[in-house]
Amino acid sequence: MCTNDWQADDIGWGLLLHRGKVAHSYLWRSGQVRGYAVVIFTARHVAEPTEMSEREAAAFWRDALAVGRTVEDHYQPVLKMNYLLLGNAVPHAHWHLAPRREATQDPAPGGPMPFALLDHGRQDEALLQRDAAALRRLLRGAA
């Protein structure tokens, strides 16, 4: 993540939703959860949020919340948003945002989201492109 070209609208793993001051947000291609997004800290390399300044941490969280709200608005009905800040496999600060749906649509109702559901498989590319465009419009309208 540290060596990626953050100016690109398509970083391979995902499609740009929002370019912020300290973080960029992407609709992710992998996984089995429609609406799975990632907010990546891009100001510099940090592995832990405790390495961020107060200003950076606040901006990072604001970006994550803006994307979370937008995902909720677009993918209704969402019962819960999961915000995961793990960094075990990739030691660079980034939030995983996963919308949780009604039990009949949720792949792991009532429990934590198994990371395999976010990591394995691919999103339908045409639907991903349409969703990314819609999310960008919503994010621009919220700004």
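- Closest approach of L17 and A37 over heavy atoms only: CD1-CB, 4.5 Å.
- Applying the side chain to side chain donor-acceptor pair (under 3.5 Å) test to residues at least two apart or on different chains, the pairs with a partner in residues 107-125 are R29-E125, E125-Q129.
- Between the R136 side chain and the L16 main chain, a donor and an acceptor come within less than 3.5 Å of each other.
- Below 30°, between 30° and 60°, or above 60°: for H92 and H45 the angle between ring planes is between 30° and 60°, a tilted geometry.
- Nearest approach of D63 to G20, heavy atoms of both residues: OD2-CA, 3.9 Å.
- Rounded to the nearest 0.5 angstrom, H18 NE2 and T70 OG1 are separated by 9.5 Å.
- Note on K21 versus E56: no salt bridge recorded, every NZ/NE/NH1/NH2 to OD/OE distance being 4.0 Å or above.
- Looking at V22 and T42, their side chains never come closer than 4.5 Å, going by heavy atoms from C-beta outward.
- Between atom CG of residue D9 and atom CG of residue L15 there is a gap of 9.0 Å, rounded to the nearest 0.5 Å.
- The minimum heavy-atom distance between E102 and L79, with the atom names listed, is CA-CD1, 3.5 Å.
- The minimum heavy-atom distance linking P99 with G35 is given by the pair CD-O, 3.6 Å.
- No donor-acceptor distance shorter than 3.5 angstrom exists from the side chain of R19 to the backbone of S25, with no hydrogens or angles considered.
- Note that the CH2 atom of W95 and the CG atom of N82 stand 11.5 Å from one another [nearest 0.5 Å].
- Taking every heavy atom of both residues into account, A98 and L118 meet most closely at CB-CD2, 4.0 Å.
- Using a 4.5 Å heavy-atom threshold, the side chains of L27 and D131 count as touching.
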Exercise. Please walk me through it: do R44 and V46 pass side chain to side chain contact (heavy atoms under 4.5 Å, CB included)?
Worked result: CA-CA 6 Å; R44 59 191 171 86; V46 298; 3.3 Å; yes

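- Side-chain atoms of Y36 and H96 include a donor-acceptor pair closer than 3.5 Å.
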Exercise. Taking it one step at a time, do R101 and D106 satisfy salt bridge (Lys or Arg N to Asp or Glu O under 4.0 Å)?
Worked result: CA-CA 5 Å; R101 293 183 171 75; D106 194 292; over 6 Å; no

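- A donor atom on one side chain and an acceptor atom on the other are not found under 3.5 Å apart for D10 and Y26.
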Problem set entry | Test side chain to side chain contact (heavy atoms under 4.5 Å, CB included) applied to I40 and H24, step by step | CA-CA 5 Å; I40 303 169; H24 296 347; 5.5 Å; no

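- Between atom CZ of residue F41 and atom CD of residue E48 there is a gap of 12.5 Å, rounded to the nearest 0.5 Å.
- In this structure, F60 CZ and M52 CE are separated by 4.5 Å, a value rounded to the nearest 0.5 Å.
- Among all heavy-atom pairs drawn from P49 and L85, the shortest one is CG-CD2, 3.5 Å.
- Y83 and V39 end up in the same hydrophobic cluster when Ile, Leu, Val, Met, Phe, Trp and Tyr side chains are linked at under 4.5 Å.
- If you take CE on M113 and CD on Q32, they are separated by 9.5 Å, rounding to the nearest 0.5 Å.
- By the side chain to side chain contact (heavy atoms under 4.5 Å, CB included) test, L86 is found to be paired with L84, N88, F115, residues two or more places apart in sequence or in another chain being considered.
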